[in-house]
Amino acid sequence: MSDEASENGPEGEAHDDHPGVDHPGEEHGASLGKRLNWLRAGVLGANDGVVSTAGLVVGVAGATGNRGTLLTAGIAGLLAGSMSMAAGEYVSVSTQRDTERAALALERRELREQPEEELEELTELLQERGLDRSVALEAARQFTERDALRAHASVELGIDPDALTNPWHAAFASFLAFTVGALLPLAAIVLPPPAWRLPVTVVSVLVTLALTGWTSARMGAAPARAAIVRNAAGGALAMALTYATGSLLGAAGV
Ligand SMILES: [Zn+2]
């Protein structure tokens, strides 16, 4: 995401008080991982938008050929789904950030009240990572001198205190990803002439799901074919189920 820079602060600025602990290589490694996480979440969110909206509009199309009804159902489904994703993401990221903040506060208090134990703890953690006792102790001393909280946050908790995820950013990203995905089946069901609606929707949805399945497999370095088949099969199943249900309800005159 492009707003990532604003979360981390302009490069270098966040570490001005202790330039000695700034390792540009590590920062880039961490932000690459973060960017991949955002990308993965975006692809999954778009995938959700495609499957859920495709199931919805194909189900309604099983019951009625009325374009206005299809459009209304599709837009309502798009908004409901993207809001639900955004709210869920907001809650989950807020909770995670609260947890991380509480852990940092506890760490800050421990550093203030029992600095000796905390130095020993950091030393042992560094030893577990493969340093000799004497080197670990010296490293722990230097870390503690420069920025004890940052060292404990990183080594003990795996947190960068300057880069906690913003729940609003996460919520907006989810909203956007779902909406982009949902627009495809929505357009495919309302734009073509009536006889073409279903075939165009089914084919474009399956092709898109194959693409998102392939993309997420590539990002996780997993076998692509299995991911494509699973992803497209999930969408096909959703559309078959809602179409059958919609057709039954339409035939029953509901
Ligand atoms: Zn600690």
Side-chain angles (χ1 to χ4, degrees), residues 1-45 85-174 216 219-222:
M1 290 274 122
S2 57
D3 51 11
E4 184 184 316
S6 65
E7 279 170 32
N8 291 333
E11 193 144 354
E13 209 173 275
H15 303 282
D16 272 356
D17 50 332
H18 42 81
V21 238
D22 199 0
H23 303 293
E26 285 175 12
E27 289 288 316
H28 291 159
S31 72
L32 176 66
K34 214 178 161 197
R35 200 166 301 140
L36 271 177
N37 279 340
W38 278 105
L39 199 60
R40 197 171 290 130
V43 171
L44 288 177
M85 294 283 287
E89 193 66 10
Y90 183 84
V91 168
S92 134
V93 171
S94 297
T95 306
Q96 192 196 334
R97 193 164 69 161
D98 289 348
T99 308
E100 290 174 344
R101 278 183 176 158
L104 286 172
L106 178 67
E107 202 60 43
R108 202 173 283 127
R109 202 182 68 206
E110 286 175 352
L111 282 166
R112 197 173 53 232
E113 291 174 359
Q114 36 185 337
E116 289 301 315
E117 286 89 338
E118 286 297 301
L119 180 66
E120 176 57 27
E121 179 192 53
L122 187 56
T123 306
E124 281 168 16
L125 286 168
L126 291 170
Q127 276 181 278
E128 278 169 26
R129 296 197 172 184
L131 295 183
D132 286 339
R133 171 81 199 168
S134 57
V135 181
L137 182 59
E138 177 57 25
R141 281 211 178 104
Q142 289 194 17
F143 278 138
T144 304
E145 223 168 85
R146 285 171 186 170
D147 191 336
L149 183 63
R150 177 178 302 280
H152 281 259
S154 146
V155 177
E156 193 183 332
L157 308 170
I159 298 175
D160 179 349
D162 290 331
L164 303 187
T165 307
N166 182 323
W168 286 106
H169 291 176
F172 180 70
S174 293
S216 39
M219 284 191 299

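Whatever order the structure lists them in is the order used to number ligands and atoms, beginning at 1. Computed from a predicted model, the values in this text were never measured in an experiment.
The Zn ion (ligand 1) has an N, O or S atom of E156 under 2.8 Å away, backbone or side chain.
With the Zn ion (ligand 1) as the vertex, OE1 of E118 and ND1 of H152 span 90° to the nearest 10°.
For S94 against P167, the heavy-atom pair with the smallest separation is OG-CB, 3.3 Å.
Under the 3.5 Å distance criterion, the side-chain polar atoms of N166 are matched with a main-chain donor or acceptor of W168.
Residue-environment remark: CD (E113) exceeds the threshold of 12 foreign heavy atoms within 6.0 Å.
Looking only at N/O/S atoms, E121 comes nearest to the Zn ion (ligand 1) through OE1. For the Zn ion (ligand 1), the nearest N, O or S atom contributed by E107 is named OE2.
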Q: Applying salt bridge (Lys or Arg N to Asp or Glu O under 4.0 Å), run through E145 and R150 and close with a yes or a no.
A: CA-CA 11 Å; E145 223 168 85; R150 177 178 302 280; over 6 Å; no
